[in-house]
Amino acid sequence: MATFQSLPGFREFYPEDCAARNGLFNAWRGAARRHGFVEYDAPVLEPLELFTEKSGEEIRNQLFEFEDKGGRKVALRPEMTPSLARLVAAQAGSLRKPVKWFSIGECFRYEKPQKGRLRSFYQFNADILGEAGPGADAECIALLVESLKACGLDEGEFEIRVCDRRFWQWVLNKHFSVPDDKVSGMLPLIDKWERERPENTIEKLNTLFEGNSSFAISVKEGVDGVFHRAKHGGIVDQSNADQANWVSQEADGQSNQFGELWEWLDSLGVKHLVKFDPRIVRGLAYYTGFSFEAFQTVGTARALAGGGRYDNLIQKLGGPDMPAVGFAIGDVTVTDLLQELKRPIGEVNKPDVYLVIGSEAERRTALKLISKLRAAGVSVEYPLKDEKYGKQFKAADQVGAKLALILGPDEVKTQQIKIKDMRSGVEVVVPNNAGLVANVREIAEKGLPA
């Protein structure tokens, strides 16, 4: 007989796993709604061009793409941002600004499954569109902090690192003499700088600078110096407003974006969890300003979330010129960290009541009572076939029911119900009348005193 297993990089969610996943989703939804974000969703299958237009043809190596029966080139979404941009672009004229939307959806990437990275995963996305000022960036960072805390992480177990692509444009231009037309090619290299072998970086720099190896080496040495000073607190520390303002004024040329961002974060009560880090560049070309990532500071120090400002993407995908900023959290790394820290989140649903039925003669009366209880919002479990009392009480304990309601021939005859509080073991007998449902709900909520 044939046996089947799930595909590599895809997960099954047994009830306990599904409960944990839903607990995570509920935590994220609650945080987003407290910050005034509203939920949206989009198709899991999109035109292939939507993703190649945003990220270039190289994204195809990471996609589940195919031609459908209508001859259309399509792909399973690897992220939500292109779909969000398409939705907003289609109705930009009628949407209230700023747009504050969030989603929790399944995404797919065709890559080698490894710790923290699977081919199927869920992402919590939150974005603000239509607001160009740093207040929108600060609001997204504040929501990111709240989202991590809501799912069970404590302050000190994560941090937010922020940079500004304009900082690197300024550094590369002013200090390293990198031409304007080469800066965009440098940013993806800087994003992978510490993960790449030095010789590979030099090779890529030589290609970028068209064989000018001496210039490539000098640029590498300069970037290495920036990274070294960043590691040792020599560039900008979140507690040093003067340094932050200096970087902002020099890099932005006109406005004090860093200083404003720091003020917003301070007022929102999250500044102490955020620090400047020039390594946070995020290699995707569509980012235009601030970029930020959340890292765990316990365990393996993995990245938990990332985002930034992408002011040109809506227009690129056919909409109006609309500034935007947002972030995404993946469920895989967060779940791994919560399990590592032994932080429970979400549990399998447990019924309020297990109705113990004396015999088949009482089943019809029992089913009518079950219907009334469920209509009133009481969750009820019961045996689907005739079973002995002992087995039914064991089942009530196994499913974690708060109460066991006993309906046997004596209870039907006297028009009463025996209630056993499974938490305390206390039993009471109450009338089976119009007030029974309310009585059961109150006992389920408050319990019977021991």
Side-chain angles (χ1 to χ4, degrees), residues 35-36 97-98 100 126-148 155 158-176 178 180 183 186-187 190-191 222-223 225-282 286-295 297 305-312 322-327:
H35 282 71
K97 311 298 187 304
K100 296 177 69 174
D127 298 82
I128 299 178
L129 302 97
E131 174 53 55
D137 304 76
E139 176 73 352
C140 280
I141 292 172
L143 173 56
L144 175 54
V145 168
E146 173 70 13
S147 301
L148 293 172
E155 292 188 10
F158 68 90
E159 66 182 10
I160 313 299
R161 305 176 192 172
V162 63
C163 189
D164 189 333
R165 291 170 78 93
R166 292 163 295 191
F167 164 79
W168 275 110
Q169 290 166 354
W170 165 67
V171 169
L172 294 171
N173 276 155
K174 185 171 182 178
H175 289 273
F176 306 150
V178 176
D180 288 341
V183 169
M186 278 289 302
L187 294 176
I190 292 172
D191 180 59
V223 174
V226 173
F227 276 32
H228 176 77
R229 291 194 297 276
K231 286 181 179 179
H232 295 84
I235 300 238
V236 176
D237 183 87
Q238 73 271 27
S239 63
N240 192 329
D242 291 337
Q243 291 188 65
N245 293 345
W246 171 75
V247 171
S248 178
Q249 290 163 355
E250 291 284 352
D252 298 333
Q254 296 180 351
S255 65
N256 184 8
Q257 291 276 306
F258 262 118
E260 290 182 45
L261 178 65
W262 271 187
E263 290 177 5
W264 277 89
L265 295 174
D266 190 25
S267 298
L268 288 169
V270 297
K271 177 184 169 185
H272 63 292
L273 297 172
V274 184
K275 70 178 183 180
F276 178 84
D277 188 336
R279 295 169 292 181
I280 307 303
V281 180
R282 301 190 62 79
Y286 66 84
Y287 285 112
T288 58
F290 288 119
S291 55
F292 51 89
E293 293 187 18
F295 287 84
T297 55
R309 182 162 284 280
Y310 54 98
D311 286 344
N312 303 325
M322 181 181 289
V325 60
F327 69 86

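None of the values given here were measured: they were computed from a predicted structure. Both backbone and side-chain heavy atoms feed into the values below; hydrogens, waters and symmetry mates do not.
For the residue pair F290 and P134, the shortest heavy atom distance occurs at CE1-CB, 4.4 Å. Nearest heavy-atom pair across V281 and R165 is O-NH1, 3.1 Å. Closest non-hydrogen pair, A136 versus R309, comes out as CB-NH2, 3.7 Å. Nearest heavy atoms, C140 versus G326: SG-CA, 4.1 Å. For the pair A294 and L148, the tightest heavy-atom approach, listed with the atom from each and the gap, is CB-CD1, 3.7 Å. Between P278 and C163 the shortest heavy-atom distance is CA-SG, 3.6 Å.
How far CG of L187 is from CG of L172: 6.5 Å, rounded to the nearest 0.5 Å. Rounding to the nearest 0.5 Å places NE2 of H35 at 7.5 Å from CG of L268. Once rounded to the nearest 0.5 Å, the distance linking NZ of K97 with CD1 of I128 reads 14.0 Å. With values rounded to the nearest 0.5 angstrom, F327 atom CZ is found 12.0 Å from D137 atom CG. D277 contributes atom CG, which lies 12.0 Å from atom CD1 of I160 (distance to the nearest 0.5 angstrom).
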* **Residue pair L143, S147: steps toward the side-chain contact (heavy atoms from CB on, under 4.5 Å) verdict** => CA-CA 6 Å; L143 173 56; S147 301; 3.6 Å; yes
* To do: Apply side-chain contact (heavy atoms from CB on, under 4.5 Å) to V183 and W168, showing your working.
  => CA-CA 8 Å; V183 169; W168 275 110; over 6 Å; no
* Using the side-chain contact (heavy atoms from CB on, under 4.5 Å) rule, take E131 and E139 through it: C-alpha gap first, then chi angles, then the decisive distance, then the call. => CA-CA 11 Å; E131 174 53 55; E139 176 73 352; over 6 Å; no
* Show your reasoning for whether side-chain contact (heavy atoms from CB on, under 4.5 Å) applies to D127 and Y310. => CA-CA 10 Å; D127 298 82; Y310 54 98; 2.6 Å; yes
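Evaluation of the side chain to side chain contact (heavy atoms under 4.5 Å, CB included) rule for E293 yields I280, R282, F295, A303 as partners, not counting sequence neighbours. E159 meets the salt bridge (Lys or Arg N to Asp or Glu O under 4.0 Å) test with R161, K275; sequence neighbours excluded.
Looking at heavy atoms from C-beta onward, F176 lies in side-chain contact with V223 at the 4.5 angstrom threshold. Residues V325 and F292 have side chains in contact (heavy-atom distance under 4.5 Å, counting atoms from C-beta outward).
At distances below 3.5 Å, not a single donor-acceptor pair connects side-chain atoms of W262 with backbone N or O atoms of K271. With hydrogens and angles ignored, the 3.5 Å screen pairs a side-chain donor or acceptor of N173 with a backbone N or O of V178. When atom types are taken as modelled, the side chain of S291 and the backbone of D164 share no donor-acceptor pair closer than 3.5 angstrom.
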